[in-house]
Engineer: 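Dumping the structure here so I can ask a few things about it.
Quick note on labels: first sequence line is chain A, next is B, and so on, each numbered from 1.
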Amino acid sequence: DGGITQSPKYLFRKEGQNVTLSCEQNLNHDAMYWYRQDPGQGLRLIYYSQIVNDFQKGDIAEGYSVSREKKESFPLTVTSAQKNPTAFYLCASSYGVGAFFGQGTRLTVV
Amino acid sequence: AQSVTQLGSHVSVSEGALVLLRCNYSSSVPPYLFWYVQYPNQGLQLLLKYTTGATLVKGINGFEAEFKKSETSFHLTKPSAHMSDAAEYFCAHFGNEKLTFGTGTRLTIIP
């Protein structure tokens, strides 16, 4: 089945640690996105990539990093510089207009 | 710049009643507009979209939305609410290579 797979579904991180969230798609979409979701704030764009080996900062990129070495993969690293990383993270891919979403990763700092 | 405003962070309707979720947009480019639904701890599912053509757009689960350029609105409606419609709904605008979301409306269905 075609789709977007995010892993893990739940992730716990100790303060000061970096963690990487996985996002893989087999839809052959060029564009991929990472969003952060907090209660009452909707979805805020962290990073996006329109093509392999290229990506742009979104509205809240500080404390995050990404790579796009393959069309299918767009991992997100939450670094220790992100002061409030506890949130629900959503990955999406797009064929042009509109986007398909993964099931999300809930990150909790312990 | 583009933005999306959803009026009402929480909406409650009785089962069988009309559902109306409001969305207004601002954009300097032709709007591509979307409604997504999210169930707890899940990703977003596309309900419907407007790109060009007919301004009344029909989506899944009996939902529809009407694009009104003069009002810069894209409100979501359903004639008769069902318990399974309880979820969070997001309006979104696509432009400048990005999908921009409103802050969401949580829909509660009263039995």
Side-chain angles (χ1 to χ4, degrees), chain A residues 2-11 21-25 27 29-51 54-61 68 87-108, chain B residues 1-11 21-25 27 29-53 57 59-60 65 67 74 76 87-107:
Chain A
I4 303 174
T5 302
Q6 289 187 243
S7 61
K9 188 171 178 64
Y10 298 96
L11 185 58
L21 284 59
S22 172
C23 179
E24 304 277 335
Q25 56 102 356
L27 299 168
H29 289 169
D30 287 318
M32 296 187 74
Y33 306 82
W34 274 106
Y35 289 88
R36 170 178 171 142
Q37 185 177 19
D38 297 282
Q41 297 193 50
L43 280 73
R44 293 181 291 168
L45 183 63
I46 305 173
Y47 269 98
Y48 63 106
S49 168
Q50 296 295 321
I51 195 169
D54 189 39
F55 48 83
Q56 287 77 39
K57 294 182 178 180
D59 300 319
I60 57 165
R68 186 84 187 277
F88 191 53
Y89 291 86
L90 287 161
C91 178
S93 71
S94 173
Y95 54 90
V97 177
F100 293 89
F101 282 81
Q103 291 300 295
T105 293
R106 184 166 297 281
L107 173 63
T108 303
Chain B
Q2 59 194 50
S3 68
V4 176
T5 302
Q6 291 184 240
L7 298 175
S9 59
H10 292 85
V11 171
L21 305 182
R22 299 178 186 275
C23 173
N24 288 87
Y25 70 92
S27 174
V29 298
Y32 299 120
L33 298 163
F34 306 82
W35 276 100
Y36 285 87
V37 61
Q38 184 181 35
Y39 298 99
N41 293 312
Q42 293 190 24
L44 274 66
Q45 180 183 6
L46 180 66
L47 276 178
L48 50 80
K49 64 181 178 182
Y50 170 79
T51 53
T52 59
V57 181
I60 62 171
F67 170 66
F74 190 57
L76 181 71
E88 189 152 20
Y89 293 80
F90 292 93
C91 183
H93 173 283
F94 185 87
N96 297 325
E97 301 180 335
K98 296 185 292 184
L99 197 58
T100 302
F101 287 86
T103 52
T105 297
R106 183 167 299 279
L107 177 64

Engineer: Once side chain to side chain contact (heavy atoms under 4.5 Å, CB included) is applied, do any residues pair with A/Arg44, and if so which ones, sequence neighbours excluded?
Structural biologist: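 Residues passing side chain to side chain contact (heavy atoms under 4.5 Å, CB included) with A/Arg44: A/Arg36, A/Asp38, A/Gln41, A/Ile60.
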
Engineer: Please flag which part of A/Gln37 lies under 4.5 Å from any non-hydrogen atom of chain B: side chain, backbone, both or neither.
Structural biologist: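 Answer is side chain: those atoms of A/Gln37 sit under 4.5 Å from chain B.
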
Engineer: Classify the ring geometry of B/Phe101 against A/Tyr35: parallel below 30°, tilted from 30° to 60°, perpendicular beyond 60°.
Structural biologist: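 Correct class here is perpendicular.
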
Engineer: Looking at every heavy atom in both A/Thr105 and A/Pro8, which two are closest together, and how far apart are they?
Structural biologist: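 Closest approach of A/Thr105 to A/Pro8, heavy atoms only: OG1-O, 2.6 Å.
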
Engineer: Write out, in numerical order, the residues from residues 33-40 of chain B with a heavy atom short of 4.5 Å from a heavy atom in chain A.
Structural biologist: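 Result: B/Phe34, B/Tyr36, B/Gln38.
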
Engineer: Grab the two heavy atoms, one from A/Phe88 and one from B/Gln42, that are nearest each other, plus how far apart they are.
Structural biologist: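 Closest approach of A/Phe88 to B/Gln42: CE2-O, 3.5 Å.
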
Engineer: Using non-hydrogen atoms and a 4.5 Å limit, figure out which bit of A/Ala31 sits close to chain B: side chain, backbone, both or neither.
Structural biologist: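 Neither part.
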
Engineer: Please classify the contact of A/Leu43 with chain B as side chain, backbone, both or neither, using a heavy-atom distance under 4.5 Å.
Structural biologist: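 Interface part for A/Leu43: both.
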
Engineer: Using non-hydrogen atoms only, which part of B/Thr51 is less than 4.5 Å away from chain A: side chain, backbone, both, or neither?
Structural biologist: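 For B/Thr51, the side chain is the part near chain A, not the backbone.
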
Engineer: Is atom NZ of A/Lys9 surrounded by more than 12 heavy atoms (other residues, nucleotides or ligands) closer than 6.0 Å?
Structural biologist: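 Yes, because the 6.0 Å sphere around NZ of A/Lys9 holds more than 12 heavy atoms from other groups.
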
Engineer: Answer yes or no: is there a side-chain heavy-atom contact under 4.5 Å between A/Met32 and A/Phe55?
Structural biologist: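 Counting from C-beta outward, A/Met32 and A/Phe55 never come under 4.5 Å.
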
Engineer: Roughly how far, to the nearest 0.5 Å, is the CG atom of B/Leu99 from the CG atom of A/Leu45?
Structural biologist: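 Reported value, rounded in 0.5 Å steps: 9.0 Å.
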
Engineer: Count the heavy atoms belonging to other residues, nucleotides or ligands that lie under 6.0 Å from CG of B/Leu7, then report whether that count exceeds 12.
Structural biologist: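 Yes.
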
Engineer: Could you have a look at A/Phe100, A/Phe101, A/Tyr48 and say which one has the most heavy-atom pairs with chain B under 4.5 angstrom?
Structural biologist: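 With the most close heavy-atom pairs to chain B, the winner is A/Phe101.
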
